[in-house]
Amino acid sequence: MASAAAIRDDQDLDSFRAEVREWLEANFPASLRGKDNAMATIEGPAQPSADELAWQRAIGEKGWGVPTWPKQYGGGGLGRAEARVLGEEMARIGAHNPIGGMGVMMFGPTLLEYGTEAQKQQHIPPICRGEIRWCQGYSEPNAGSDLAALQCRAEDRGDHFLVNGQKTWTSGGQWADWCFALVRTDTTRKHEGISFLLIDMKSPGVEVKPIRLISGQSPFAETFFTDVQVPKENLVGPLNGGWSIGKRLLQHERSSLSGGSSSTRPRGAEDRSLGELAKHYLGADAEGRVSDGELRAKIARHEMEARAFSLTLRRAALEVRGNQGPSAATSIMKNVGAKVTQDRAELAIEVMGMNGLGWEGEGFSDKELATTRQWLWGKAVSIYGGSTEIQNNIVAKRILGLPDPKPGAA
Amino acid sequence: MAVLNEEQTMLRDMAREWVQNEQPITAFRAVRDAGTAEGYDRDAYRTVAEMGWTGVIVPEAHGGSQFGYLSAGLVMEELGRNLVASPLGATTAAAGALALGGSEAQQAAWLPRLAGGEVVGTLAVDEGPHHDPDKVEATAARDGDGYVLNGTKSFVPEGDSAHLFLVLARADGERAFFLVPGDAAAITRARRKMADGRSHAEVRFEGVRLPADAKLGGEALVDPVLDRARSLVAAEMLGMAGQAFETTVDYLKTRVQFGQPIGAFQALQHRAAKMFAEIELMRSAVEAALEAIDAGRSDLAETASLAKAVANETLNLVSREMVQLHGGVGMTDEYDAGLYLKRARVLENQWGSAGFHRDRFAKLNGY
Ligand SMILES: Cc1cc2nc3c(=O)[nH]c(=O)nc-3n(C[C@H](O)[C@H](O)[C@H](O)COP(=O)(O)OP(=O)(O)OC[C@H]3O[C@@H](n4cnc5c(N)ncnc54)[C@H](O)[C@@H]3O)c2cc1C
C-alpha cells in the first residue's frame, strides 16, 4: 500500500540512507569487512585489534549498535524503518555490529521497561558502548525447565540483600562484569517469592567455576554466591515481583535465539552451502548434481525448510511492525530455528564423513575441526532459553488452548 | 534376543559382568584423557584375550573357540555398552578375513597370535572420508613372483597400533585383500585425533614388497570380509544404543522438575517408547546378520546392509535423544551423553553410512 505518507517516509529514508553511508564511510575500518560479530561468539573474549576497538568505540558513541534504544541512555533513537536501513547499509559493506551479548539481547530491553531512572542511567549507556558484559543467573541445579523452583536466597538485611546459593549454566559467567539474577526473597510462595536482582560479579563471595562442554569449550560456568552483599537499589521492579520481569526477559531471549545460527557459529566454521560442501566431499555428475542422490535429496529438504523458516521470520516481522515487542509466535520460531540449526550441523558432518568428526591436530582443515565443534555445541540450542519440549508445551497450552491431562489418564 | 545356547549365554554373562565391574565408562575416560595414539588400555586388552574373546571366531585348530559371529557379536555388544576402548572389533574383523581367505600357512602363522591377543589386526579399506570400497585406488602390482603395494588408507581403525593390516587394493584386474605385516619398512602411520577419542590412523603403504600368497582370494572375498566387519560394528552399536537408552530412561525416572520425575510427562514417555521399539528392530537386524554369517547364508550382503543401516539410524536417534533428554547436563563433558554421541557418529561412518547401505540394499534387490 503506497499511501502519500509512505512515499514521504521513503524520501526521508533516502536521505537517512545517504547519511548512514557517509557515516559508515568515515567510521567503519575497511580491514573489518566481512568479519563476523566476534562479541557474540561463544569462545569468550577475543583479543580485539586496534581497528576493532576503534569501530566499537565509534558505533558505541553513535548509539547505532542498539539503533532503536532511546537516545537519552546512549541508544540510536532510530525508528524501525531507519534501523532497517542502517542494517541494510551495514550488510552491504560487510560491517558487523560489535555491540552484542546478553546485555543487548535480553537485559537492556527488560531494564528499559522495568528499571528505575537511576538504574537505566547507570546500566544502559555502558551496554550501548559495549563496555560491560552481562550474564544470566537464572538456572540452578534443581531449577531448569522448572525455573520457579529456584532456591538461591536473597535475605533483606536492611540496607542490602544477603545472597546465598548456586546458579548453574551461567553463560560467560567467568567473563561477566554483572549478573541479572532471579533470587528467592520469600520461601513460602513459589512464583510470587522471586525477585529480579542485579549483582556485581566482582562482589566478595562470588565464585565462578567453568564447566566443560561436550564440544570441549567451557563457555559457561557454575556460579556460587556466599554471603554476597547486594545494595538495595539493585532490585529491579517490586520485591517478590521478579517472576513476570524474568519471564519478559525470556521472551526477548527466545526471539533473539530464533534468529538462528549466527551466534552459535564458532569462528572459522564452514560457511559454504551444504550443496557446495557435498560436491566437494562427494563429487558431482556432469550436470553438477551431487553424486549421492539420497544425500542430495536430504540437503534439498533441509534447505527448503530453512527457506520456509526465513520466510516465516520475515512474515512475522512484517506482521508485528507497529506492534510493540516480541509476539507469542516467537515460541514457534525458537523451535524451528533450533531444528534448522541442528539439522544443518548434522548434515554438514554427514557430508564430510570422517573429516567432519575430527577433534584436533593433523589431517583436518581448520574449517573441518570447527564444524565438529559447531555440531556438538549446536546441541544446546534446543535446550537453553526454554527447551524445545517446554516451547511445545507453551504452544499447545497457550496458543492452541489444549487442556492439561487429568490425573489417572492412561 | 536370539535364542542362545549354553555356551553363548555363559559368554554373554561373562562379558556383561566384566564390562560392568571392570570397565565402567570412567575406564574409557581414563584412556581418552591419557591421549595415547593407540587409544586403548593394554591391560584390559590382555584380559579380553585371557577370557578368550579374541578367539571367538577363530577355528579351534588355530587356538580359537570357533563359537562364531553371533557369539562375537554378543561380546562386542557388551563392550559397546560402556564404550570399552579395545581393538577387539578390528582384530576380529581381520581374523575373519584370514579365516575366510588365508592359506593354511598364513592361518597357522597369524590366527593363534590374533586369538592370543598378541597381535592387533585391522582392515585398511577406505581412502577418503566416506566408506566406498568401489573407489579403492591402492594398487598391488605384480613384481617378479610377488607384489608391490602402494596406496594410502584413511581412518584405519586401530591403525596406530595394528601389527597386521588387511589392505584392500587393486591387483590382477580385481580388488583383493592383502595381508601386510605392520612392521614392514615402507609403512608410515599418521595419527588422526577424532571426536571419539579412539585410534583412527592414516596409513601409507609406499612400495611395500609382498609375497604372492599375500593376496587373499580375490574379488569374491571382498564383500564377505566387509560384511563381517559391518555386522560386528553393528553389534557394538547395539550395545551403545541399549546402554544410552537405559541411562536415559533412568534419568527420566530420577530427574525431578515441576514436582515430578520428568518421565511423568507423556511427551517424553512417547519418545522413550519410540526408542524402545527402534532398538528392538535394531536387535533383530543385527542378530540376523550375525546368524547369516554363521549359517553361511547367501543373503548375507543384504542382511548385513540391513543391519548396518538400521544400526546407524537407531543409534543416531538414541544418541541425539540422550543429550536432549538430559537437558543442560547432557551438554557437559562430565556426563556420558556426549561420549555416546561422538562415538556413534564415527561408527555410523565406519563401513558405510545408512545411505550407502540403503543404496546397496536396493541394488541387491534389483531396484
Ligand atoms: C549452552 C547452554 C547455555 C545456557 N546458558 C544459561 C545462562 O546463561 N543462564 C541460565 O540461567 N541458564 C542457562 N542455561 C540453562 C538452560 O536454561 C537450562 O538448561 C534449561 O532451562 C533446561 O533445564 P535443565 O538443564 O535443568 O533440564 P531439565 O529441565 O531437567 O530438562 C530435562 C529434559 O526434560 C524435558 N522437560 C522438562 N520439563 C518438561 C515438561 N514439562 N514436559 C516435557 N518435557 C520436559 C526438557 O525439555 C529436557 O529435554 C544454559 C544451558 C545450556 C545448555
Original post:
Of the non-hydrogen atoms in A:E389 and B:L268, which two are nearest, and what is the gap between them?
Top reply: CG-CD2, 3.8 Å

Original post:
Hey, which of B:S154, B:G328, B:G197 has the most heavy atom pairs under 4.5 Å with chain A?
Top reply: B:G328

Original post:
Which bit of A:A149 comes within less than 4.5 Å of chain B, counting heavy atoms only: side chain, backbone, both or neither?
Top reply: neither

Original post:
If you count heavy-atom pairs under 4.5 Å between each of B:A195, B:A267, B:P129 and chain A, which one has the most?
Top reply: B:P129

Original post:
Is it the side chain or the backbone of B:R320 that comes within 4.5 Å of chain A heavy atoms, both, or neither?
Top reply: side chain

Original post:
Considering only heavy atoms, which portion of B:T332 lies under 4.5 Å from any heavy atom of chain A: side chain, backbone, both, or neither?
Top reply: both

Subject >> Per-residue contact mode, B:E348 against chain A (heavy atom under 4.5 angstrom) >> reply: neither

**OP:** Flag the pair B:R358 / A:E294 as yes when at least one side-chain heavy-atom distance between them is below 4.5 Å, and no otherwise.
**Re:** yes

**OP:** Assess whether atom CZ of B:F265 is packed by more than 12 heavy atoms of other residues, nucleotides or ligands within 6.0 Å.
**Re:** yes

Subject >> Which portion of A:N142 sits near chain B, non-hydrogen atoms under 4.5 angstrom >> reply: both

Original post:
Is the backbone of A:V351 close enough, under 3.5 Å, to the side chain of B:H130 for a donor and an acceptor to pair up by distance?
Top reply: yes

Original post:
Okay, side chain of B:E334, backbone of A:R212: is any donor-acceptor separation there less than 3.5 Å?
Top reply: no

Original post:
Got a second to check how far A:S215's OG is from B:D333's CG, nearest 0.5 Å?
Top reply: 9.0 Å

Original post:
With a 4.5 angstrom heavy-atom cut-off, which part of A:T388 approaches chain B: side chain, backbone, both or neither?
Top reply: both

Original post:
At what distance, to the nearest 0.5 angstrom, does OG1 of A:T372 lie from CZ of B:R345?
Top reply: 12.0 Å

Original post:
With a 4.5 Å heavy-atom cut-off, do A:W359 and B:D196 have their side chains touching?
Top reply: no

Original post:
Would A:Y384 and B:M331 count as a side-chain contact (heavy atoms from CB on, under 4.5 Å) if you check the C-alpha gap in whole Å, the side-chain angles of each, and the deciding distance to 0.1 Å?
Top reply: CA-CA 10 Å; A:Y384 62 56; B:M331 284 300 297; over 6 Å; no

Original post:
Between B:R191, B:R255, B:H131, B:E202, which has the largest tally of heavy atom pairs under 4.5 Å with chain A?
Top reply: B:R255

Subject >> Interface residue of largest heavy-atom contact number with chain A, from B:D132, B:V329, B:D126, under 4.5 Å >> reply: B:V329

Original post:
Among A:L282, A:I349, A:I383, who wins on heavy-atom pairs under 4.5 Å with chain B?
Top reply: A:I383

Subject >> Nearest-0.5 Å distance that lies between atom NZ in B:K193 and atom CG in A:L369 >> reply: 11.0 Å

Subject >> A:R398 atom CZ: more than 12 heavy-atom contacts under 6.0 Å >> reply: no

Original post:
Counting heavy-atom pairs under 4.5 Å to chain B, which of A:D292, A:I211, A:L295, A:L376 comes out on top?
Top reply: A:L376

Subject >> Non-hydrogen side-chain atoms of A:L357 and B:N349 separated by less than 4.5 Å >> reply: yes

Subject >> Portion of B:L341 that has a non-hydrogen atom of chain A nearer than 4.5 angstrom >> reply: both

Subject >> Region of B:N316 in contact with chain A, defined by heavy-atom distances below 4.5 Å >> reply: side chain

Subject >> Euclidean distance, B:F258 CZ relative to A:I390 CD1, rounded to 0.5 Å >> reply: 4.0 Å

Subject >> Heavy-atom neighbours of B:E137 CD exceed 12 at 6.0 Å >> reply: no

Subject >> Segment of A:A148 engaging chain B (4.5 angstrom heavy-atom cut-off) >> reply: neither

Original post:
Using non-hydrogen atoms only, which part of A:E350 is less than 4.5 Å away from chain B: side chain, backbone, both, or neither?
Top reply: backbone

**OP:** Check whether the side chains of A:S382 and B:Q324 place a donor and an acceptor atom closer than 3.5 Å, and report yes or no.
**Re:** yes

Subject >> Ion pair check, A:E360 and B:R192, cut-off under 4.0 Å >> reply: no

**OP:** Give a yes or no on whether the backbone of A:I214 and the side-chain of B:K342 come within a donor-acceptor separation of less than 3.5 Å.
**Re:** yes

